[in-house]
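Notes for the one structure printed next.
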2 protein chains.
Amino acid sequence: MTVTIKEVAKLANVAPSTVSRVIANNPRISEATKRKVKKVMEELGYHPNLNARSLSSKATQTIGLVMPSSGDVVFQNPFFPTVLQGISEGVHEKKYALQMTTGSMDHEIFEAVIQMVQGKRVDGMILLNSKVEDKVIEYLREINFPFVVIGKPAKYPEEITHVDNDNVRAMKEATEYLIHLGHRQIAFVGGRPELMVTVDRLSGYKQALEDANLPIKKEYIKHEEFLREGGQEAVSELMALKQRPTALLVVDDFMALGVLNKLDELGIKVPEDISVVSFNNILLSEMSKPPLTSMDINILKLGTEASRSLIEKIENSTEPTKRIIISHQFVERSSCSRIDTVV
Amino acid sequence: MTVTIKEVAKLANVAPSTVSRVIANNPRISEATKRKVKKVMEELGYHPNLNARSLSSKATQTIGLVMPSSGDVVFQNPFFPTVLQGISEGVHEKKYALQMTTGSMDHEIFEAVIQMVQGKRVDGMILLNSKVEDKVIEYLREINFPFVVIGKPAKYPEEITHVDNDNVRAMKEATEYLIHLGHRQIAFVGGRPELMVTVDRLSGYKQALEDANLPIKKEYIKHEEFLREGGQEAVSELMALKQRPTALLVVDDFMALGVLNKLDELGIKVPEDISVVSFNNILLSEMSKPPLTSMDINILKLGTEASRSLIEKIENSTEPTKRIIISHQFVERSSCSRIDTVV
DNA sequence: TTGTACGCGTTATCAA
DNA sequence: TTGATAACGCGTACAA
């Protein structure tokens, strides 16, 4: 039925191993037979059986991707397709295939990872959702299986290769930008405090305030889901304060959209009455009213670099643990304005 | 190193084939040995090598997904992550794995598909981007490989199992909604005319107008990219017309966002000055100003049904060609208003 | 430079 | 109900 290496060998009057060598581009083979074999392969429409190859060579040229649980908010956020695109490009560029897995429950995901890894379906893994108690990471570490994390791992960040932004600095810069515009009442609207992104960005926010000798007010720090509703709730609460903030730092564009929406509802004008700085700079941010000033964290590159570093690690097991920092870039649009400092 | 079926067999004092039968849950095996073998598997932490299994059984329990070319607009559109989520769920539910492929050029994608299929890495394929000249479809048809298309295939729609909406009816209903509100000058802002979605929706639009004895005006029909910029351009052109439309049908929420943006720029108020109906009903549509009245096409289900029908087809080769229609639902928000008919 | 022979880990066939 | 044994298709050490 399907054409195998043997049939090619027979027709080309060589041994199967010779055909195998031609496929592998083994240098110790004459140009003549190489051509001959290749011609037969063409004629027969030969394609190697990847399962057989993997079984024998113990490599799959496939990398696995653990996605956020389906139903998770992350799925809704445009962040996801963009990293995926980046990952996909990086993988493709090295001729690797990509296999992904989801699950509604954590243990489902864990099972799926075990299947992939123990079933020898992948040579390495990319993890998107590092949690504080991450069984997947624990497991992969234990068996010493190649993997990289996108974002900062909650545990052992020094011992795990990961691709991340310098979120502390990025948020510090964003905060300083607002301070330079004269803002003193600056609120932070972040995601769940268990997430490392949140921790780092919050820390950057605090650093900037401290450096400027501004007080850190608890009531100005909000933690909501990474979704637009989250943004809306945060705004309601902040605007109910006696002393309203004059500027908002929102850790996600999608959330910022909710923020803008709510502000509009409340009749508060951006940037006249309040300034908003957002994060991620997804396409949406230039679409909003007004277009959002946003910190571009180069999501695409986050993905491609994850693939690349993982594949390096797979192909060279002595590759050291790395922390890859993707640069960020502040993109000014029209959601912020200067304010007269009230002393 | 890795624990194989043989070692399990040895420790359990049975033959490898017996172990294999236990794994496969073969009924012709005594409960006693079944338990014994399972216990040993536990102890040794045995996990089957899926490559070996696939090689032998000629099945992979994996389905392949062809994504739009990376860099394609579709990637930016929230439609994509949602179908993906649906597909993923459907696949997961049947214990299948998911492998995906992209490429920047069409021939790259084609190569990747060949690899997957001929390399015996997948049992079936889901195609997202049916084009008019689709080499992938031609190929899969020719070798009689199981696949389903999401959306209507440009060629042989009767002979290809596909999951789609009734786009003609959906758009007809949307158009009729506007007509009932009193609108007579209704414009259509669609995507590329080569896409079947566009064709079908345009046809629904025309049918509704004809049924209402309204003229079909060429200048009211715009074809732009499925992106927000597309929406913006269309608006510019439509609003430059002597007789401006009083209502807009936009075939995509993302595009509709661009439309709203442009209208705002031009000082045209929605829904007071112009009504807008959008399609897809992604999360964004309730976030816009004003919230968009949109036709929900149940993207998630489009994905899950694609997976399910594909797996059915894989597991039962006599499964007939099917056309699966996912229902749509009109979601009224606040982007439309009644208009006094000017006779 | 090429061929022989075996192993990769499973499933499947045929006996027992 | 269970056990040998032969595929599955490919890579590779070793020999030639």
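We name chains A, B, ... by the order of the sequence lines, and we start the count at 1 in each one.
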**Complete:** Atom CD of B:Q118 and atom P of D:dG9 are separated, to the nearest Å, by 13 Å
**Asked** Using a cut-off of 4.0 Å on non-hydrogen atoms, how would the nucleic acid contact of A:T4 be classed: base, sugar-phosphate, or nothing?
**Response** sugar-phosphate
**Asked** What do the steps show when you test B:K38 against B:V22 for side chain to side chain contact (heavy atoms under 4.5 Å, CB included), and what is the final call?
**Response** CA-CA 8 Å; B:K38 279 195 173 170; B:V22 172; 3.9 Å; yes
**Message:** So if I take residues 47-62 of chain A and measure heavy-atom distances to DNA chain D, which residues fall below 4.0 Å?
**Reply:** A:P48, A:N49, A:A52, A:R53, A:S56
**Prompt:** Does the pair B:R308/B:E305 count as a salt bridge with the N-to-O cut at 4.0 Å?
**Reply:** yes
**Item:** Test side chain to side chain contact (heavy atoms under 4.5 Å, CB included) applied to A:I5 and A:Y46, step by step
**Value:** CA-CA 8 Å; A:I5 225 173; A:Y46 168 78; 3.9 Å; yes
**Those residues of residues 18-36 of chain A lying under 4.0 Å from DNA chain D by at least one heavy atom** = A:S20, A:R21
**Prompt:** Quick one: B:I5 CD1 to C:dC8 P, roughly how many Å, whole number?
**Reply:** 14 Å
**Asked** When you check the gap from the basic side-chain N to the acidic O, do B:E43 and B:K39 get nearer than 4.0 Å?
**Response** yes
**Asked** Whole-Å distance between D:dT5 P and B:K6 NZ?
**Response** 13 Å
**Complete:** From CG of A:N13 across to P of C:dT4 the rounded distance in Å is 12 Å
**Message:** Tell me whether B:S309 contacts the main-chain N or O of B:A306 through its side chain, where contact means a donor paired with an acceptor under 3.5 Å.
**Reply:** yes
**Item:** salt bridge (charged side-chain N to carboxylate O under 4.0 Å, His left out) evaluation trace for A:E31 with A:K34
**Value:** CA-CA 5 Å; A:E31 276 304 318; A:K34 192 180 280 185; 3.8 Å; yes
**Asked** To the nearest 10 degrees, what angle separates the axes at the start and end of the helix from C:dT1-D:dA16 to C:dA16-D:dT1, five pairs each?
**Response** 30°
**Prompt:** Quick one: is C:dG9 close enough that its OP1 or OP2 comes under 4.0 Å of any side-chain N or O from B:T2?
**Reply:** yes
**Prompt:** Can you find a side-chain donor-acceptor pair between A:T60 and B:R121 that sits under 3.5 Å?
**Reply:** no
**Complete:** Heavy atoms of A:P153 and A:I160 approach each other most closely as CG-CG2, 3.8 Å
**Prompt:** Relative to the 5' end of DNA chain D, which residue comes earlier, A:Y46 or B:A15, by the nucleotide with the nearest heavy atom?
**Reply:** B:A15
**Asked** Whole Å only: how far is the CD atom of A:E7 from the P atom of D:dG9?
**Response** 9 Å
**Request:** Please test A:V122 against A:F147 for side chain to side chain contact (heavy atoms under 4.5 Å, CB included), starting from the C-alpha separation and ending with a verdict.
**Result:** CA-CA 11 Å; A:V122 297; A:F147 73 99; over 6 Å; no
**Asked** So, are B:K322 and B:E312 salt-bridged, with charged N and O less than 4.0 Å apart?
**Response** yes
**Item:** B:L65 vs B:I63 side-chain heavy atoms within contact, under 4.5 Å
**Value:** no
